[in-house]
Chemist: 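A single structure is presented below for examination.
First the proteins, then the strands, lettered A, B, ... as listed; each starts at 1.
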2 protein chains.
Amino acid sequence: MSDRTPRPATIYAVAERAGVSIATVSRVLQGTNHVASATRDRVLDAARQLDYLPRGSARALAAKKHEAVGLMLPGLSGPYFADLLVGFETAAAECGLSVALLMTDERGLSSPLRQLVARVDGLAVMARPGQLAPDDLASLGRWLPLVRLAASDHPATIHAENTASARELTEHLFGHGRRRLEFVGDPELAPDAAERYAGFAAAHAGLGLVPAPAVPVGFAEADGRRYARQVLSRAEPPDGLVCVNDEVAVALLDELQRGGVVIGRDVAVTGWDDIMTARYTRPGLTSVSQPVRELGRLAATALHDVIAGGSTPGPAVLPTRIVIRGSCGCPEALPPDATEPQPGPTKEETK
Amino acid sequence: MSDRTPRPATIYAVAERAGVSIATVSRVLQGTNHVASATRDRVLDAARQLDYLPRGSARALAAKKHEAVGLMLPGLSGPYFADLLVGFETAAAECGLSVALLMTDERGLSSPLRQLVARVDGLAVMARPGQLAPDDLASLGRWLPLVRLAASDHPATIHAENTASARELTEHLFGHGRRRLEFVGDPELAPDAAERYAGFAAAHAGLGLVPAPAVPVGFAEADGRRYARQVLSRAEPPDGLVCVNDEVAVALLDELQRGGVVIGRDVAVTGWDDIMTARYTRPGLTSVSQPVRELGRLAATALHDVIAGGSTPGPAVLPTRIVIRGSCGCPEALPPDATEPQPGPTKEETK
DNA sequence: TGGGCACGCGTAAGCGCTTACATCCCAATG
DNA sequence: CATTGGGATGTAAGCGCTTACGCGTGCCCA
């Protein structure tokens, strides 16, 4: 613990011990240039004996690169961000890049952001609308390669497909005979939400219907619960609820059930993201599965390409997959009463 | 995008523009020492005009500190790690520290780890047993302050209480009249798991019973499913299953239900972590809630204290809370058949 | 046998900051 | 009026590494 050597070995110590110059040590350690294998071994030995570890800061300063990328997220609640992060980190590591993380849920972001920007070679940003002024972003882009996540307004954004899936999902509910649909989620809160509502509206337009206005609620369970209670108190409740994400959907579903509503019969409920919980509600939650991890991975590799190659990162849109379970009204191979045996896995029809 | 200036402003440019020396610029920018307010304003102006941003690497090199801490995790699956990360990042940010993240699920960790260690002032490590050789850790500790997470063998570990809660949970099942209990989880896979099994065993010992050997399965849903199928095929199945975490528990619960087993009547099931899904199974999953976010927060602040103060980080053990729902056999205010209205929130008795 | 050419390695010039120390100037003091 | 002290600023020495450049070998080929 406390036998931490006051001054860890430097490249000079290694060079001296190996009887070579620091340049040679440097060459050996990063594998550039040719070094006679005998010399290399001596250097490697010396480094090992001294437990040498090059200071990242010194390397970064001299080489003018950090070998690190940053990821800025608007919070880390829910499985969505965790998965995104996994994909990002994995891909970054494969490219030999460290990952610096910044969550800026509520905090004033200016100072931490600058700190982050000063220590990475590229940055992936996912931010809520209004969280980051366009000026800030422009200024960021002047410093380093930038990739935007799920920002429909940005040219080089990378995100999952929303509008078409939302339309298809909505049409699926129409197919179940549902006509009084509502979109539960605030389009103002995220570009993704806006696109999903657009798809919801498009499906209505396709049938000559007028979509109900979006229900402006947040992304958390509490938001879903709250709205469910409001629905329960209404004289003419909707017969279908297209939720902006699964958190809202499962909470809403749960609360409606507690209010005596039979999901899939009285009302159809759908979510978005296909989180773990969607598989465990009764009925299972029909949802839209996004390749979130892939999204993170793509962000990291895009950054790596830009950093390495210098090309501008292109936009990308990833495909989604509608996962049908019981909450939309589809039959489900599940024990409604668990006393009667019903073997076999959940039926998950994918389009 | 591509109007990225080839050479961003340095401290020299700012100094020149402000008509002062770089020392003064440095002093102004980090608020040390006294600088005449007129001078300060000139410097600040110049910096703003040039959009100056100090290179992190140069600062780190000169100041011999990175102002960053690292977090090493064995994967990021499930809500557990995400929450831990949130706590860690939040606290680190409050201390003015950047966060570098390293996930080392399967990868050979040597190289990325070294890269990480070279760029932070302190490191919090959570690793599976055997993932990190004791030598590695000792060597790490020689480089920088280290905090271990959920590593019962380490002196300065910080983790949540396990044994007592497991014992209490097990005794709760005894109270339901259960006698053929099994612990589903591999004590070899994590110190936490070992401690939980120890508590499970202690409860048995308290009643003069001999605990069944632990069922060595992993932490994932698939592990729970697999074991459930095995249980279903047995002549004399257990009447209580204490699972190492909620992922395993919910999957097992689901699979048993599909096999016709009535949870809470035929068998009691409990989990650990109190993840979101635990609230949505039917019956709800009885689980143990850990202050995971607090754990992350504690790790970060501990590191900060060590870095700043030089004191060795002390161990810490955080309290847990047993959350009773229906899966253990307790009555639950839930609609078994959702056609009959049953208002009111889930009853969650906490000890 | 000599010129050229790789190859292997050392020399030294930075990279952009922090900070100990020196310096300057002016107000306060005897 | 000379002296002194201290606040404001400049000077310069690093921090530990990368890398352009160049020198000295030994070897091949003419």
Chemist: Going by side chain to side chain donor-acceptor pair (under 3.5 Å), name the residues that satisfy it together with B:E188, two or more places apart in sequence or in a different chain.
Modeler: none
Chemist: B:M126 versus B:L84: any side-chain heavy-atom pair under 4.5 Å?
Modeler: yes
Chemist: Does the side chain of B:L71 come within less than 4.5 Å of B:L149's, by heavy atoms?
Modeler: yes
Chemist: Based on the rotation axes of five pairs at each end, what angle does the helix from C:dT1-D:dA30 to C:dG30-D:dC1 bend through, to 10°?
Modeler: 40°
Chemist: Can you measure B:R55 atom CZ to C:dG16 atom P for me and round it to whole angstrom units?
Modeler: 6 Å
Chemist: Which residue pairs pass the salt bridge (Lys or Arg N to Asp or Glu O under 4.0 Å) test with at least one member in residues 51-61 of chain A, sequence neighbours excluded?
Modeler: A:D51-B:R142, A:R59-A:E67
Chemist: Answer whether the closest heavy-atom distance between the side chains of A:L303 and A:F88 falls below 4.5 Å.
Modeler: yes
Chemist: Mind calculating the distance between CD1 (B:I11) and C1' (C:dT19) to the nearest angstrom?
Modeler: 11 Å
Chemist: Output the rounded distance in Å from CG (B:L29) to C1' (C:dT19).
Modeler: 15 Å
Chemist: Test: salt bridge (Lys or Arg N to Asp or Glu O under 4.0 Å). Region: residues 25-42 of chain B. Which pairs qualify, not counting sequence neighbours?
Modeler: none
Chemist: Could I get the full list of side chain to side chain donor-acceptor pair (under 3.5 Å) partners for A:T301, not counting sequence neighbours?
Modeler: none
Chemist: Among side-chain atoms of B:S26 and B:Q30, is any donor-acceptor pair under 3.5 angstrom?
Modeler: yes
Chemist: Is A:Q30 close enough to D:dT19 that one of its side-chain N or O atoms is under 4.0 Å from OP1 or OP2 there?
Modeler: yes
Chemist: I need a per-nucleotide contact map over nucleotides 7-15 of chain D, read 5' to 3'. Cutoff is protein heavy atoms under 4.0 Å; write B for the base, S for backbone only, - otherwise.
Modeler: -SBBB--BB
